[in-house]
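One structure is given here, and the rest of the page talks about it.
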Amino acid sequence: MAAHQCKACLVYCMDFRLHESLANFFAEQQLVGPGADIIRVGGAIKSLARPKESRDREFLLEMLSVSYDLHRVRQFYLINHEDCGGYGLEDVPDSEEELAIHRDDLKAAAALVKSRFPDVEVLTYFMWMNGKAELVE
Ligand SMILES: [Zn+2]
């Protein structure tokens, strides 16, 4: 049986407010044709970077493994977003501080994913509520 392959796997929050932004991002990244798996879990990147329970991180890594093994993905996109309920507003009083926290978590999550999947490109993005996606390096 031929393997089903796609180009990438996106890890993103479940938040309903950004469905349209994610669809636009999908098109911008030219993922419509080659396809991409999408893993949507509330506060997913935070769970990779600093999980409440280690099983939360293991669950996400297992889903990434499925995408990698079954669909032979070559890129993982790790995407956080503004006003994420998974972060709690009391911890992030303004956009600048909020972005810094997300940047740190995206970097930590990317390092973890790269260590598990060294031959896959890892891309990190921050999505604003206006739909603009910013590459985080
Ligand atoms: Zn969220």
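Each ligand, and each atom within it, is numbered from 1 in the order the structure gives. Fair warning: this is a prediction, and the values are worked out from it, not measured in the lab. Values below: all heavy atoms of this structure, side chains included; hydrogens, waters and symmetry mates excluded.
Under 3.5 Å, the side chains of Tyr87 and Asp105 contain a donor-acceptor pair of N or O atoms.
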Show your working on ring-ring contact (aromatic ring centres under 6.0 Å, His included) between Tyr77 and Phe25 and close with a plain yes or no. CA-CA 11 Å; Tyr77 284 80; Phe25 182 78; 5.7 Å; yes
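Neighbours of the Zn ion (ligand 1) restricted to protein N, O or S atoms under 2.8 Å: the count is 3.
For Lys46 and Asp56, the salt-bridge test fails: no basic side-chain N is under 4.0 Å from an acidic carboxylate O.
Although no hydrogens or angles enter the test, the distance criterion places a donor-acceptor pair under 3.5 Å between the side chain of Glu82 and the main chain of Met129.
Applying side chain to side chain contact (heavy atoms under 4.5 Å, CB included) to Val113 and the options Val11, Thr124, Leu64 leaves one that passes, Leu64.
Between Phe76 and Tyr68, the angle of the ring planes lies from 30° to 60°, which puts this pair in the tilted group.
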